[in-house]
Amino acid sequence: MGLMTGRKCLVMGVANKRSIAWGIARALHREGAELAFTYVNDRLKENVEELVRTLDGHEEMPLLPCDVMEDGQIEAAFAELGRRWGKLDVVVHSIAYARTEDLQRDFVDTTREGWRIAQEVSAWSLIAVARAAKPLMEAAGGGSIMTLTYLASERVVDRYNIMAPAKAALECNVRYLAHELGPSNIRVNAISAGPLKTLAASAVKGLSTIRDIVEERAPLRRNVTLEEVGDVGLFLASPLSRCITGETIYADNGFHIMGV
């Protein structure tokens with residue numbers, strides 16, 4: 001029996017094999033979780049399908065369309081999970097987006113529309129997902145919702161730009177959702193991972209330099225791996241973290257504690 005045997009988990013935000021969501025999904029699967037996945041469009045659906053086929057029991061894993069900019073798709077995805085499972089134990093929210101031009105221009109030149117899109121997809125979507133998940137988690141007697149953030153929410157990381165305030169808002173959402181959903185025994189937390197070579201991170205210029213700095217300055221003198229972050233996600237999903245909510249857990253080999 002694995003740590004997650006019998007628990008039903010929805011993973012949102014897998015783009016490719018380097019996605020943090022995929023690292024968490026593999027850790028959950030290793031420990032016996034039943035998995036479902038969402039995809040945002042047909043192009044990414046093919047990537048998700050290819051990855052899911054590598055997992056034992058993939059035939060029973062729902063793959064659901066869910067563009068979080070469409071209320072109807074969020075509602076439909078969770079309604080389908082309700083029909084199939086009747087309950088939900090875990091949601092992995094690994095969703096963020098900003099237009100490339102808004103990442104590349106100076107922060108002072110951020111556009112109103114660019115700001116709206118980044119905030120809507122990267123921060124507001126957690127609220128919408130938590131609202132849709134709430135009744136299914138209450139049916140399970142409680143649950144765990146986790147999202148992904150980054151240190152740029154509190155410190156300047158050059159060229160992270162418009163995504164930094166989106167991550168700051170996301171972390172605030174985590175605290176308020178943890179407060180409101182706590183009476184339903186639903187926990188809400190964030191993982192602040194060190195820089196990984198994900199599809200989303202590739203849009204940020206200077207990622208290789210950031211990784212070099214982390215390797216040199218982090219207390220553990222190395223960069224974090226996808227497997228390590230996946231295990232942190234497993235911990236937050238499991239009963240081992242049953243007293244933890246409203247937190248941002250740093251999975252960055254201690255880099256966030258360092259000053260100049």
Participant: If you define the side chain from C-beta out and look only at heavy atoms, does anything of Lys134 sit under 4.5 Å from Ser184?
Facilitator: yes
Participant: Tell me whether Arg30 is salt-bridged to Asp56, with the criterion being a basic N under 4.0 Å from an acidic carboxylate O.
Facilitator: no
Participant: Please tell me if the side chains of Ile210 and Val157 come closer than 4.5 Å, counting only heavy atoms from C-beta onward.
Facilitator: yes
Participant: Hey, which of Asn161, Ile162, Leu103 is the one that makes side-chain contact (heavy atoms from CB on, under 4.5 Å) with Thr110?
Facilitator: Ile162
Participant: Over 60° means perpendicular and under 30° means parallel, so classify the ring planes of Tyr250 and His256, tilted if in between.
Facilitator: parallel
Participant: Which heavy atom in Asp106 sits nearest to a heavy atom in Arg159, and how many Å separate them?
Facilitator: OD1-NH2, 3.0 Å
Participant: By the ring pair (Phe, Tyr, Trp, His ring centres under 6.0 Å) test, which pairs, at least two apart or in different chains, include something from residues 27-77?
Facilitator: none
Participant: Tell me, do Asn173 and Trp124 make a side-chain contact under 4.5 Å, heavy atoms counted?
Facilitator: no
Participant: Would you mind checking if Arg222 and Glu228 are paired as a salt bridge, meaning a charged N to carboxylate O distance below 4.0 Å?
Facilitator: yes
Participant: Kindly compute the distance separating CG (Asn16) from OG (Ser19), expressed to the nearest 0.5 Å.
Facilitator: 4.5 Å
Participant: If we ignore hydrogens and angles and just use 3.5 Å, is the side chain of Asn47 paired with the main-chain N or O of Ala15 as donor and acceptor?
Facilitator: yes
Participant: With a 4.5 Å heavy-atom cut-off, do Ser122 and Met163 have their side chains touching?
Facilitator: yes
Participant: Please step through side chain to side chain contact (heavy atoms under 4.5 Å, CB included) for the pair Cys66 and Met12, ending with a clear verdict.
Facilitator: CA-CA 8 Å; Cys66 188; Met12 310 180 75; 3.8 Å; yes
Participant: Are Arg105 and Glu101 within salt-bridge range, i.e. N to O under 4.0 Å?
Facilitator: no
Participant: Hey, could you give me the CD/CZ distance between Glu216 and Phe255, rounded to the nearest 0.5 Å?
Facilitator: 9.5 Å
Participant: Against Leu10, only a single residue in Val90, Val92, Asp89, Leu81 fulfils side-chain contact (heavy atoms from CB on, under 4.5 Å); can you say which?
Facilitator: Leu81
Participant: Go through the structure and list residues passing salt bridge (charged side-chain N to carboxylate O under 4.0 Å, His left out) with Glu154, not counting sequence neighbours.
Facilitator: none
Participant: Under 3.5 Å, side chain of Arg175 to main-chain N/O of Gly246, donor-acceptor pair present?
Facilitator: no
Participant: For Arg217 and Gly259, indicate whether the former's side chain and the latter's backbone hold a donor-acceptor pair under 3.5 Å.
Facilitator: yes
Participant: Working note: Arg84 + Lys8, criterion side chain to side chain contact (heavy atoms under 4.5 Å, CB included); need CA distance, chi angles, decisive distance, verdict.
Facilitator: CA-CA 11 Å; Arg84 293 196 186 202; Lys8 301 183 185 301; over 6 Å; no
Participant: Within the 4.5 Å heavy-atom criterion, are Ile191 and Thr149 side-chain neighbours or not?
Facilitator: no
Participant: So, Arg116 and Asp102, do they make that salt bridge, N to O below 4.0 Å?
Facilitator: no
Participant: Are Lys167 and Glu171 within salt-bridge range, i.e. N to O under 4.0 Å?
Facilitator: no
Participant: Quick one: pull up CG in Asp42 and CD in Glu49 and give me the separation to the nearest 0.5 Å.
Facilitator: 9.0 Å
Participant: CG of Leu88 to CG of Leu136: how many Å apart, nearest 0.5 Å?
Facilitator: 5.5 Å
Participant: To the closest 0.5 Å, what do you measure between CE (Met4) and CG (Leu35)?
Facilitator: 9.0 Å
Participant: Under the side-chain hydrogen bond (donor to acceptor under 3.5 Å, both in side chains) rule, what do Arg99 and Thr111 come out as? Steps first, then yes or no, please.
Facilitator: CA-CA 11 Å; Arg99 298 184 304 189; Thr111 65; 3.3 Å; yes
Participant: Does the pair Leu51 and Lys17 meet the rule for a side chain to side chain contact (heavy atoms under 4.5 Å, CB included), with working shown?
Facilitator: CA-CA 7 Å; Leu51 290 171; Lys17 66 180 181 180; 3.8 Å; yes
Participant: If we only count heavy atoms from C-beta on, is the Leu64 to Phe78 side-chain gap below 4.5 Å?
Facilitator: no
Participant: Just so I know, are the side chains of His93 and Met146 near enough to count as touching, which here means a heavy-atom distance under 4.5 Å?
Facilitator: no
Participant: Using the rule given for side chain to side chain contact (heavy atoms under 4.5 Å, CB included), can you reason through Glu247 versus Val188, listing the C-alpha separation, both sets of side-chain angles and the distance that settles it, and then say yes or no?
Facilitator: CA-CA 8 Å; Glu247 293 291 339; Val188 188; over 6 Å; no
Participant: Say you draw a straight line from CD1 of Ile24 to OG of Ser94; how long is it, rounded to the nearest 0.5 Å?
Facilitator: 6.5 Å
Participant: For Arg112, check salt bridge (charged side-chain N to carboxylate O under 4.0 Å, His left out) against everything at least two apart and list the hits.
Facilitator: none
